[in-house]
Amino acid sequence: MLGFEALDLARFQFAFTVSFHILFPAFSIGLASYLMVLEGLWLKTGNEIYHNLYRFWVRIFAVVFGLGVVSGVVMAYQFGTNWSGFAERAGDITGVLLTYEVLTAFFMEAGFLGIMLFGEGRVSKRLHFSATCLVAIGTLISMTWILMSNSWMQTPAGYEVIDGRFEPANWLEIMFNPSFPYRIVHMGLAAFISVGFVVGGVGAYHLLRDRRDQAARKMFSMAMWAILVALPVQIIAGDMHGLNTLEHQPAKVAAMEGHWENEPDEKGMPLVLFALPSMDDGANHFELKVPYASSLILTHTLDGKIQGLKDWPRDEWPDVPLVFWSFRIMVGLGMLMLGMGVVGLFLRWRGQLYEARWFQRIALFTTPVGFIALLAGWITTEAGRQPWVVYGMLRTEDAVSTHSVASMMTTLVGFMVVYAIIFGIGIYYMLRLIKSEPMNMVPSGGPGHERQPKRPMSAADGSFEEQN
Amino acid sequence: MTIDLPVIWYLLIGFAVAMYVMMDGFSLGVGILFPFIKGDENRDVMMNTVAPVWDGNQTWMILGGAGLYGAFPLAYAVILPAMYLPLILMLLALIFRGIAFEFRFKSNRSRKWFDLAFSGGAMVATFSQGVVLGGIVNGLSVSERAYQGGTFDWFSPFALFTGLALMAGYALLGAGWLIMKTEGDLQNRFYQLARPLTLLLVASMIVISVWTPLSNGRIAERWFTFPNIAWFAPVPILVALLSWSIWNGVTHSHERRLFFKVLGLFFLGLSGLVISFFPLIIPPNITLWDAASARASQSFLIVGYVILVPIVLAYTAYSYYVFRGKVRHGEGYH
């Protein structure tokens, strides 16, 4: 029994550190692209509002990037410390992909982040814009390698198993494994949408303070356009990703749908809207169903057959309630976010986008929904992969390092305490930056100065104790 | 013709580790020296000497770790769990140090806490690294391609001693770096610290050199049999010469030489390790060929390494060039 507990702690520790970590790269990915757009528009139009917004958001980017790096170092070592069985058996593939991520991510970071954060006035505008673009591209490249590795764990391809270890047979098949294209689109859009809601929320905050603030209007408007365009695309991408998952990981889909038994021949599968799935009973309680809807969504026909979870042995079931509910949270928030985009368009058409305070309050309130949906999506896909680390090939219990419960508990508490302190300070400082007035982004003498600490967060100037 | 890829990867990872030890070594050393220096302004200057370069320096550790994962997954999967507690302690300490860089300059009331985070983080991280090194030298219990030892196998007098020795070494590196980057009273303070630290480091190296063969028969055999002893003799002789030169050179105020001489000492220490353990990657009996990943992995990865590492090196050199020269009071932040 002790072994089980150590496995649970290892899984919880990984979930904790990776959930914390993933928010910051997602934030960086979306924000870097937004900064690229802002600087590009400024150079093209000469409109100082874009320049102001760039200066406003680049300081927040600096903090987000710094926290992402710090929490990412921990992730790079977790595979070895906590999941040595996985590292030993799959390192020939995942270790190589991770190394490429480190090389390319640091290449971009080391080469261009300094110029992006501190180069204004020291390099030409064109070179500075190139640096911004390269940082944005760098974050996307970084995401690509990590998702290749994760997708390979979900839908392994291009390998051969030799002495229980995965050896590469075809790198192209490994990198472009069956679920990778869907995952990268879904994750990339999720990052953009999450940042869209953050920008929209911050814009709403400043609109509520001062409706004439041109920068606040601009960011609010840009965010609403981004949300309106990205969400329908994301819903289509999510649907396609779901079909891909049905093809390659049908047990995960069964858990997402709360679908236990195969349907009788003539009937299609209903969509379970609400239920309390019970693993012990192998059934749902308090079910609320829409007939045929699941068949329609998943097979695009009315009577399409979906395998029920009972087709698999009991020890190959994922945690059904967790997958079922995280999936519903993601989809529910997706619909809410789509609604925000549509209402925003309607208000814009009525000429009330900057006047409707109720809508701005909702936008302020929904600032974190993108991130919550993103985390829920990751819980769905990662918990849905269980009990496998490499789907169908390597079980989680065979991948974990053999640490004692006591040492797992000690390190887990260590991470929780340190993360609470560090990210508490970081987020507190970020909130202070967000509260500063976006129209007053005068370039300060600090970061550009000779020998100014050329560090991500040092671009964010000003004491973080004094009130603004 | 077949190229012995594992040997090339052994050298490439050795290169990344050596770069890390030398570069983050002085960055951490600055933190270790914090308690010896009083005054916010002096500490600001010390921190500013490394602020522009420290995360580039730390990159090498991640490159070394990820490279080990991709090129020698067995070594990665054995060493990391075996060194679980010291490694986690190191990561947590490095988080504190990294955050202190960001926030110390932006704090007034809480500055003493960030001083503690910076200095304590550097000390704990250094000590942990030394413990990991000592623990690996002691050897790890491996069977069926997994670590079989206990949580506290690394805990030995020898490993604790290597932890302290590394603190002395990084402190001396830090002092050498700060002599280059500071001036006046502050610089004099580091000149004063250089000799005691040299004494500490050399004494530690002697103790480790005696302790290692006494507790490890295989290394004793390798060191003290002819003709090996003739090949290895230059290492201790060079160490002695360099140490004497550091001791003697302090009074001549050659600002730059001291730092590079200390780097030389570190290089000799690392080469001593390689001489003693090659071709082992996990003592006492896993060789680099046992631990290597598939040839297809190593050859695919080497392409990226060969293209990207020179670019990283070029940027690093440029960054040091941009931030060259002395750091003075009141500079570097506002």
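Since the structure is predicted, the reported quantities are computational estimates derived from the model, not experimental observations. For the numbers below, each heavy atom of this structure counts, side chains included, while hydrogens, waters and symmetry mates do not. Throughout, a chain's letter reflects where its sequence line sits, starting with A, and its residues are numbered from 1.
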Exercise for the section: Measure distances from A:F79 to the heavy atoms of chain B and classify the residue's part below 4.5 Å as side chain, backbone, both or neither. Expected result: both
Practice task
Look only at the side chain of A:W171 and the backbone of B:S297, and say whether a donor-acceptor pair between them is shorter than 3.5 Å.
Solution key: no
Completion exercise
Across all chains, not counting sequence neighbours, the side chain to side chain contact (heavy atoms under 4.5 Å, CB included) partners of A:F16 are A:F20, A:F415, A:M416, A:Y419
Handout entry: Gap between atom CE of B:M90 and atom OH of A:Y77 - 0.5 Å precision
Key = 5.5 Å
For residues 63-82 of chain B, please give each side-chain donor-acceptor pair under 3.5 Å, one per line with the distance, not counting sequence neighbours.
from: B:Y69; atom 1: OH; to: A:T94; atom 2: OG1; distance (Å): 2.8
from: B:Y76; atom 1: OH; to: A:A76; atom 2: O; distance (Å): 2.4

Handout entry: B:I88, part contacting chain A, at a heavy-atom distance under 4.5 Å
Key = side chain
Fill in the blank from the handout: OG of A:S404 to CZ of B:F152, rounded to nearest 0.5 Å, is 7.0 Å
Handout entry: Atom CE of B:M22 with >12 non-hydrogen neighbours under 6.0 angstrom
Key = yes
Exercise for the section: Spell out the residues in residues 158-170 of chain A that have some non-hydrogen atom less than 4.5 Å away from a non-hydrogen atom of chain B, in order of number; otherwise answer 'none'. Expected result: A:R165, A:E167, A:P168
Practice task
Mark yes or no for whether A:D92, through its side chain, and B:A294, through its backbone, hold a donor-acceptor pair below 3.5 Å.
Solution key: yes
Practice task
Identify, with sequence neighbours excluded, every residue that meets side chain to side chain contact (heavy atoms under 4.5 Å, CB included) alongside B:D153.
Solution key: B:Y147
Exercise for the section: Name the region of A:S407, side chain, backbone, both or neither, that has any atom closer than 4.5 Å to a heavy atom of chain B. Expected result: both
